[in-house]
Every structure is written in structure tokens, then in C-alpha cells.
Trainee: 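Questions regarding the structure given below will be posed in turn.
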Number of protein chains: 2
Amino acid sequence: MRARIEDVARQAGVSTKTVSRVLNHEPNVREQTRERVLEVVRKLDYRPNPSARSLAANRSFLIALLYDNPSPNYVMEIQGGVLEACDAHQFSMMVRPLDSQAPDFVATVQSLIGQQRPDGLILTPPITDHPELLAHLDQLDLPYATVSSRIQGSIGVTMDETRAAAEITSHLVRLGHRRIAHVIGHPAHGGSELRLAGYRKAMAEAGIDVRSEWVVPGAFSFASGVAAARQLMALDSPPTAIFAANDDMAAGVIWATADAGWRVPQDLSVAGFDDTPISRQVWPAVSTVRQPSRDMGRIAALQLLRRIRHGEPGELVQVPYTLQLRDSTASCKRDA
Amino acid sequence: MRARIEDVARQAGVSTKTVSRVLNHEPNVREQTRERVLEVVRKLDYRPNPSARSLAANRSFLIALLYDNPSPNYVMEIQGGVLEACDAHQFSMMVRPLDSQAPDFVATVQSLIGQQRPDGLILTPPITDHPELLAHLDQLDLPYATVSSRIQGSIGVTMDETRAAAEITSHLVRLGHRRIAHVIGHPAHGGSELRLAGYRKAMAEAGIDVRSEWVVPGAFSFASGVAAARQLMALDSPPTAIFAANDDMAAGVIWATADAGWRVPQDLSVAGFDDTPISRQVWPAVSTVRQPSRDMGRIAALQLLRRIRHGEPGELVQVPYTLQLRDSTASCKRDA
DNA sequence: GGGTGCCTTGACAGCGCTGTCATGCTTGCC
DNA sequence: GGCAAGCATGACAGCGCTGTCAAGGCACCC
């Protein structure tokens, strides 16, 4: 049978409550007592029973990571970061794939909360952009942190997507491109607008008029990249560069151009966003914007835990991005 | 305040124990009583407190999914399947990324078990092939299910990888190829051997002698596919087809050939294994073997739950594969 | 009619922790 | 020296459920 708190208490010559104090880093324990307890804990390899702890403390020590199927790569990275933070704070993590477009979305989340009773939630895009859910959570007074979103008053982690999108667009301009198209992301995803705004900003700064046919809708999927590329290649005066709002779509664009016999980057430059593995696994490798997804997961979880554990307000941390310039972008040949 | 079992019992006019019986599908409850209880449960939207349940029942109602970073795509699929099964049985799932090569691997798992106390484990490759861990789990008498492995006496789910590998190799033979190379998977992964065996079997059946330089080591990564392809292309008489033991490596092979100016499938046919999204996201799309990963996750979890919940032995279920023939394989041109 | 055995139900203890509150001890200060 | 204030610690109840065991009710049989 495994050790219980009572065994530790007896061997250390203190009450169970004192052991509990030591284990939960509560104040007002003499240093000498603390050490004695910790020694017995080590000796017996004592681990508190999480169920008993949760029951008595009326908290689950659990946070839930909610996602709605952006790329598996992205989710796995975030998940890894969140787990890292949870481990460091004796919390556990549960994951929940969801369909944020479903009519019963909020009810589904509500049911999940009712069953598993997490102490807090981590929301990833596009779930971060679901006002009805956020309102519901606020009403329940259930803390949540958002990843990569700029919800007013929210805590979590964010990135300046607009500036990043502008920067990679400017990179294309500097290479000599003028006819630069943009494939928009999924409309339910707040990042789509921000990236589009960045594209427009950079184009405006370069003094280039954006023709309406250069801006085509996408859905963050490989397939939508293929469709967008076909549409753009069919224009009378096709673009010489395409900035897709994520890597999957950029890979789709490259696939479609290869399928049509175009060469990248000679005939067309292609840029993506996110630096997911797929950006390195197509040929040529895609120039893109790297966001530190794993760190973002970790930071979001840490902000949430600060809030849950210590009642601190928590903040919205902005993380840096970096341009990853690879082989899919080059100076403009076709117009030369 | 949320409803407790006592509230349900009072309103239904029964004891708490009877409510407990109904909720846990225990036998010997009169039908009429059961219905009355369930009605009150619905009315009050009662959900048992998982911590109290675990504490009293001395079980965690938790299963742990252990993985060591094969592709994120694969893990996400398995994870989705396992979650599905858990949801259907009121269990929860925790996930755990691990490094199965680390010296303290077994100790890490042990510590995880000690802390979270899962009622069972789901092992995914290559963790399924770690004899020391399996021995340890048997000794602890902690049930586990394996995915895609053929451990004697284990429960879970498997696929006939050897036959699948033989079949896709035969497909290349039928296209007219004779110089067919194979890129082996990661050596710690049991599937690598099985796929290699299938390749050899098909070659033998076709009466083709396998030259030793055609069989090159890989590691299931995109980069290892690139390296293997470069090695094979440098041969005096390079192969006309390459069967890589997974899709990531097949994508790497295609990348390397494009980089070297070879055309697929005109100059070289390439086949993969697994049917992960990457197989459709490179150009040309890769011919591969599809295994129903999500179903496999679900089935493995179901077998494990049968064992945990009902003490049934559980079995090793074999699932079917299908060949996905796409554009990366074609009849042999170079030798014609 | 009475005994046997099964079905159905309930009383109650207790799972292993933490919150509350009380207690004794130390320290600092006038 | 005496008193207030704060620190360190422990006793105890109770979190919400399930396991155990006992008991009552009922059907069925000889």
C-alpha cells in the first residue's frame, strides 16, 4: 500500500495538517519542521492523492485545453507547452477537440465544465474569437487564458500578427514584386483579419494599389490554398507573388503551381505564416513567419495558473516573431 | 451550489446508495426506481463529482496516453480516437509526451503513474516496443493496451504491416520496377522491421535479388528521407523506385529528388506508409498505405476499458489497411 | 405454512486530504 | 514584568461519493 499523509505525519512527528502546509507551500511553518517533513516525504516517496486533494480543497487542479482543429502540428506544440507549465505547478491538463461552428458549441463546453470541473481553460484560435463562449465563461467566473488573440482584458499570450504580416509582405516588395496577392485565412479566426490588415498596410506603405482580385478567401486548409492559387493563376495578369495567411495554404499554393507547371520561385514567389513543419516539407521550402507556439502554450498556461493559484490578475504577454526566409521567395523574374 | 447525490436521493425518495447504483449501472435495481432516479438526475442536471467518486472507489477513472513524438498528425488522430472512447465510458484521458530513448524513461513513467494514478495506459509506437517498460507494467499489474504492435499476450489494436508493406512493394513491381529500394524506419520502432520484412518478402516473391545498397537506414523523419534519397541517387545504377517506411520520409525523398532536378514519377517512383496528411501535401501526392489511426486509437482504448471496467481479458484487434495509390508511382520509364 | 434463496434497498463507515478554529508559544514593547 | 500581537502547530470535521453488510420483501418450493 502506498504512503498516506498520515504516515508522513507520524514519522515526522507532526500533525497531518503540518504536512499539508509544507506540501502546499503555505506560510508559517518553521524551516526546521519543513525540512524534517520533506525528508520523510522523500524517504517514503509520498505523493498526495489527487482525488482526495481535489475533494477536500474543492478544486480540481485541472486545466482544460480547448481547440478546434487548426493544424495538428500547431495543436501539438501548444499542448506540449501547456503540459510543461502544468507539470511545473502540479496541475494536470485535459484536452478537448471541439467544433466551434456547431450550433450546440457553448452547450458542449458547458457540459464539459460541468463534468470535469477544470479550474481554468486555455482557449486557442478560433475558439478565442467566439464572443458567446467568452461571455458565458465570464458569467460563470471561470478563468481562461487565450493564445494568440487580443481580446480586451483577457489574459494569455499574443503576437503582433498585423506587423508580422506587414513585414513579410514588405519582404516581397523589396524583392521587386508589385503584383502581390493575399490568400485570407478562415473567417471565424480573428488572426485572418489581422494578417489581411498587415498585408494591406504594407502594400499601402509601398504605394501599391491592391486590386480586389488579388485578395481571395481561404480557410487555412491545404485544399483552400490549392483553390486560391488556381483562381489567381487564371487572372489575365496573374500576381508574381502570393502571401498566404498560413503555411498549409502556402503549401497548397505551391502544390497547385507545380501541378500547373509553374516554377516556384522563378515564376511565382510564395510566402506563408506560422512556420509549421509543412513549410519545410514542401519543395521549395516556404518563407514564413515563425511564432514560438510551444512557448506560447506555456506562457498562456502560466498566466492562467498565476490567476488560479494566487489570485493574481495575470496579463496578456506579447511574444516576438521572426521571419524565416527560405527558398519559395526570390526577386521578381517574370516582369523583368 | 451544484446538486449532490444526496439531493438526488432525497428528491427521488431513495438512499444515496441507490442513486449510486443507478449511475454506475449496477444490477439489482428495480426498473421503476431506476427511472425515477434518472428523472431527478436530469431535472437537477446532476453530475457526480469525479474526485469524490475516485476517492471512494479507489480508482482514478483516468487512462493515460503515452507517446514519443512520431508525427504530430498521427498522435492527434490516435488521441482523438482515445478521447472518443473515454467520453463514451465516463473516463478521462491524460496525455504524456515522452522520450523513450532517455535513460530515465522507465522512472519517468513510474513517476507519472505514481502521481496521476491512471487506471490504465495506452502505448503508441515506439513505446510499445520497450521491453523494460512492459515488464515493469506487468509487475505493477497496471493494464495497458498497445497500438499497432504485436506484443504477445497484449491487448489493443494491430495491423498486418508486413503484408501491407509487401503489397505496396508488389504494386511497384507490377508497374515494371526491378530496382526498388527501401528506406527503413526508426530502429527503435517495431514497425520498421515488419515493413522491411514485407519489402523483402515481395521482392523475393517477384524473384528479384535485393542488393544491399538498396536498403538504407532512416529514422521516420523528413530529414532522414532526404539523406536516404541522396544516398540512393548517388549509386552507379540508382533505383527506379523507392519505398519509404513512412510518409514523412517519402516526402523527404520527393523533396530531395526535386532539389536534384529529378522528376517524380517519371524518373523515380516513390511510395510511403501511413497516409498522413503530408502524403497529400507534397507534389506529386504520395502513394501510400492507409491505416485507420483514429479508429485504432478508439479500439485500443475500448479494449483497455473492457479490461478495467469489467475485468474482461480484452483482445488484440486487427484492423484492415488500404492502399492509397496516387501520383508518385508510375510505370518504369527510365529503363524502357 | 414455513423454509429457502434471491432481489431490492438502506445505514453507515471511511476513502485521504484541506479548511476552520483553537491553542500554546515566542517576540517585542512600554 | 506584563501584555498584545503574531507565529507555529494541532484537533477535528467534512468534502461527496462508494464498499460493505445487514435487513426487509417477495417468489417459489415442498
Side-chain angles (χ1 to χ4, degrees), chain A residues 1-38 40-41 44-62 90-92 114-117 119 308-309 311, chain B residues 1-38 40-41 44-62 90-92 114-117 119 308-309 311:
Chain A
M1 209 47 206
R2 62 186 324 135
R4 292 156 308 156
I5 198 170
E6 198 191 322
D7 304 321
V8 177
R10 195 176 322 111
Q11 286 212 29
V14 296
S15 70
T16 59
K17 180 63 212 184
T18 297
V19 177
S20 169
R21 284 197 183 92
V22 172
L23 261 26
N24 292 290
H25 307 102
E26 286 177 32
N28 302 337
V29 178
R30 219 187 331 164
E31 189 50 33
Q32 184 187 333
T33 312
R34 175 186 309 279
E35 276 165 20
R36 189 149 33 98
V37 168
L38 286 176
V40 177
V41 165
L44 299 183
D45 190 31
Y46 168 72
R47 326 282 184 85
N49 179 316
S51 305
R53 212 157 84 106
S54 299
L55 182 60
N58 195 28
R59 302 203 280 145
S60 62
F61 298 94
L62 211 208
Q90 318 256 47
F91 261 65
S92 51
Q115 270 175 51
Q116 313 257 6
R117 312 180 190 210
D119 290 335
I308 294 173
R309 291 172 57 103
Chain B
M1 209 47 206
R2 63 187 322 136
R4 290 154 309 153
I5 198 171
E6 197 191 321
D7 303 322
V8 176
R10 196 177 320 112
Q11 286 213 27
V14 296
S15 72
T16 60
K17 180 62 212 185
T18 296
V19 177
S20 169
R21 284 197 183 91
V22 171
L23 260 28
N24 293 289
H25 307 101
E26 285 177 35
N28 302 336
V29 178
R30 218 190 328 167
E31 189 50 35
Q32 184 187 333
T33 311
R34 174 185 310 279
E35 276 167 20
R36 189 150 33 97
V37 168
L38 287 177
V40 177
V41 164
L44 299 183
D45 190 30
Y46 168 70
R47 325 282 183 85
N49 179 317
S51 305
R53 211 158 83 105
S54 299
L55 182 59
N58 196 28
R59 302 201 281 145
S60 62
F61 298 92
L62 209 207
Q90 318 253 51
F91 262 63
S92 50
Q115 269 176 51
Q116 312 256 6
R117 314 183 188 206
D119 290 334
I308 295 174
R309 292 171 56 103

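Given the structure is predicted, the values throughout are model-derived calculations rather than measurements. Reminder, nothing fancy here: chain letters follow the sequence lines and each chain counts from 1.
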Trainee: Scan B:T33 against the nucleic acid and name what it touches under 4.0 Å (heavy atoms): base, sugar-phosphate only, or nothing.
Mentor: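 Counting heavy atoms under 4.0 Å across all strands, the contact made by B:T33 is with sugar-phosphate only.
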
Trainee: Quick one about B:N24 and B:R53 (side-chain donor to acceptor, distance below 3.5 Å, no hydrogens or angles considered), yes or no?
Mentor: yes

Trainee: Can you find a heavy atom in the side chain of A:T33 that is under 4.5 Å from one in the side chain of A:R21?
Mentor: no

Trainee: At under 4.0 Å, does any side-chain N or O of B:N24 touch on OP1 or OP2 of D:dT18?
Mentor: yes

Trainee: Do the non-hydrogen side-chain atoms of B:R117 and A:P50 ever get within less than 4.5 Å of each other?
Mentor: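 B:R117 reaches A:P50 side chain to side chain.
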
Trainee: Does B:S54 make a side-chain N or O approach to OP1 or OP2 of D:dC17 shorter than 4.0 Å?
Mentor: no

Trainee: Under the criterion side chain to side chain contact (heavy atoms under 4.5 Å, CB included), which of A:V22, A:D7, A:V14, A:V8 is the partner of A:V40?
Mentor: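 Single pass found, and it is A:V8.
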
Trainee: Less than 4.0 angstrom between a side-chain N/O of B:S15 and OP1 or OP2 of C:dA11, yes or no?
Mentor: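 Result: no.
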
Trainee: At less than 3.5 Å, do the side-chain atoms of B:R21 and the base atoms of C:dG10 form a donor-acceptor pair?
Mentor: yes

Trainee: Would you say D:dT9 has OP1 or OP2 under 4.0 Å from some side-chain N or O of A:R30?
Mentor: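 For A:R30, the contact criterion (side-chain N or O under 4.0 Å from OP1 or OP2 of D:dT9) is met.
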
Trainee: How would you label the contact of A:N49 with the nucleic acid (heavy atoms, under 4.0 Å): base, sugar-phosphate, or nothing?
Mentor: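 Sugar-phosphate, no base atom in range.
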
Trainee: Would one find a side-chain N or O of A:T18 under 4.0 angstrom from OP1 or OP2 of D:dG10?
Mentor: yes

